[in-house]
Amino acid sequence: MATPENKLAFDGGWDYAPAPESTDHARIDKRYGLFIGGDFVSPEKGRYFDTINPANEQKLARVAKGSELDVDKAVKAARKAYAGPWGRMKAKERGKYVFRIARMIAERSREFAAIESLDGGKPIRESRDIDVPLASAHFFYYAGWADKLEYAFPGRRAKPLGVAGQIIPWNFPLLMAAWKLAPALACGNTVVLKPAETTPLTALKLAELIADADLPPGVVNVVTGAGDTGAAIVTHPGVDKIAFTGSTGVGRIIQRALAGTKKKYTLELGGKAANIIFADAAIDQAVEGIVNGIFFNQGHVCCAGSRLLVQESVADEVIQKLKDRMETLIVGDPLDKNTDIGAINSKMQLEKIDSYLEIGQQEGAEMYQSSVSVPKSGYWCRPTIFTGVAQSNRVVQEEIFGPVLAIQTFRSFDEAVEKANNTPYGLSGGVWTDKGAKIFKMTQSVRAGVIWANTFNKFDPTSPFGGYKESGVGREGGLHGLDAYVRLEA
Ligand code: ADP
């Protein structure tokens with residue numbers, strides 16, 4: 001329903017002129033090999049797959065499909081670099097390389113941002129202002145630790161683990177690569193990295209950058225491919241550590257494969273975060289926080305605020321304001337600087353989201369979607385909310401990974417905690433109130449790795465990130481993130 005404030009927008013009075021980011025500066029090759037031992041090489045079995053732009057379904061490039069033979073080659077190259085120049089290098093010198101990577105990402109940020117939006121569908125505003133600067137910041141942060149590990153672990157000697165296998169998802173392709181690579185390199189490990197099959201391009205660009213940064217060959221290897229390529233990394237006997245971010249289902253498979261081996265591992269898995277709005281919260285800011293938490297980046301965020309718990313006395317007001325705001329969100333061309341919500345990352349993901357829209361309605365929930373128009377080709381989902389849901393509904397319990405919000409109400413503090421904790425996940429959460437004491441009590445009561453207060457989805461390299469329950473094992477980021485890449489000796 002239109003309120004006086006946004007009526008203009010419905011009348012078209014606030015239409016924005018298109019503001020497309022140019023892509024002239026973004027070089028994408030027709031075909032990419034695997035980055036092994038410092039060079040791009042052809043895959044042993046000669047197989048390639050297409051990576052497409054999800055906003056128009058057009059092919060961007062052919063990318064090598066790594067087999068177990070390629071993974072073996074990459075692990076051997078990583079081992080050689082570990083036993084050789086990288087392992088022998090003084091920590092201070094190692095740190096300089098990591099600093100160099102950080103600087104070079106910042107220098108090439110426009111190209112990285114454009115390619116991230118082309119390959120993944122996320123709005124350029126996000127790739128430009130969030131993904132790429134944070135990726136650079138992670139390298140800067142961990143570069144600083146390289147020669148100071150004795151202060152991170154006082155009284156202990158921190159030794160690298162060896163070769164780290166790192167498998168990352170498609171929602172933050174460059175940033176996840178940075179989360180994984182920066183601490184691994186700073187601690188003196190070498191790496192075999194596998195980007196997700198729908199978003200390999202920025203990891204391949206990063207490989208080019210790493211070659212330009214003159215890192216010794218084999219310190220970082222990038223092997224593209226799908227699940228079987230990832231599985232070959234997990235089971236390779238020459239890998240000392242696995243770092244995985246992705247779905248809880250695949251996380252379970254990996255955990256089973258690693259049981260009984262000496263490999264150290266960290267798993268960052270799914271989430272079903274609750275944004276909890278108390279009646280005393282600043283409502284307009286809270287509505288903006290809800291929008292930011294679930295609709296931006298298409299809900300493709302493992303710590304997305306995919307559930308809203310709102311105190312009953314303000315529920316009608318919050319839901320109405322949310323619906324009004326949803327009408328003003330711009331869904332469309334990821335490269336347009338006005339766009340709020342870009343393309344869904346893949347056809348498969350869109351089908352998954354659509355199936356949850358069906359499930360929610362079949363479960364008896366009431367679905368509301370913004371009336372915004374979406375482009376004809378490509379993969380799109382309008383911002384969607386479900387009201388009238390029960391705690392046991394699948395749209396409340398399961399990770400949808402799309403711009404879909406399940407809304408529940410509560411009357412008391414305890415009811416909010418009980419509902420927030422009642423899912424298999426525990427990755428993140430948000431609390432909105434003007435009472436500091438309530439914030440502290442809530443952060444102690446909600447079992448989640450990260451809880452934001454009066455804000456949402458804020459990241460910083462100094463802050464650890466990770467989950468409880470089925471959301472994963474271990475922490476990344478900050479001082480805690482170093483722990484995952486070292487062996488401590490007395
Ligand atoms: P999402 O649901 O986010 O796509 P997935 O868990 O399917 O998450 O994928 C995350 C990453 O894990 C991707 O790089 C994917 O190729 C990889 N992957 C998928 N299956 C396996 C597997 N069995 N073993 C190792 N890696 C896998």
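Worth saying up front: this structure is predicted, and the values here are computed from it rather than measured. Indexing begins at 1, ligand by ligand and atom by atom, following the structure's order. One is the number of the first residue; the rest follow in order along the sequence.
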Minimum-distance protein heavy atom relative to [atom]:
atom	value
atom 13 (C) of ligand 1	I168 O, 3.5 Å
atom 20 (N) of ligand 1	G227 CA, 3.5 Å
atom 17 (C) of ligand 1	I167 CG2, 3.6 Å
atom 5 (P) of ligand 1	S247 OG, 3.6 Å
atom 21 (C) of ligand 1	V250 CG1, 3.4 Å

Seminar exercise, completed: Checking heavy atoms under 4.0 Å, the part of A226 that sits near ligand 1 is backbone
Show me which atoms of ligand 1 lie under 4.0 Å from any heavy atom of [X].
X	value
K194	13 (C), 14 (O), 15 (C), 16 (O)
E197	13 (C), 15 (C), 16 (O)
W170	1 (P), 3 (O), 4 (O)
G230	24 (N), 25 (C), 26 (N)
A196	14 (O)

Exercise. What class does the angle between the rings of W452 and F456 fall in, given that below 30° is parallel, 30 to 60° is tilted and above 60° is perpendicular?
Worked result: tilted
Seminar exercise, completed: When rounded to the nearest 0.5 Å, the distance separating CG of N393 from CD of Q408 is 8.0 Å
Problem set entry | Charged tip of R94 within 45° of Y97 ring normal and under 6.0 Å | no
Exercise. With distance as the sole criterion, is a donor-acceptor pair present between the side chains of T245 and K180 under 3.5 Å?
Worked result: yes
Exercise. Within the structure, does at least one protein heavy atom fall under 4.0 Å of atom 9 (O) of ligand 1?
Worked result: no
Exercise. Can I407 and L322 be said to form a side-chain contact (heavy atoms from CB on, under 4.5 Å), step by step?
Worked result: CA-CA 11 Å; I407 303 181; L322 182 61; 4.1 Å; yes
Problem set entry | R394/E363 salt bridge by N-O under 4.0 Å criterion | no
For this session: For F244 and ligand 1, answer yes if some heavy atom of the residue is under 4.0 Å from a ligand atom, otherwise no.
Result: yes
Exercise. So, Q361 side chain and L357 main chain: donor-acceptor pair closer than 3.5 Å or not?
Worked result: yes
Exercise. Does F99 have its ring centroid less than 6.0 Å away from the ring centroid of F139?
Worked result: no
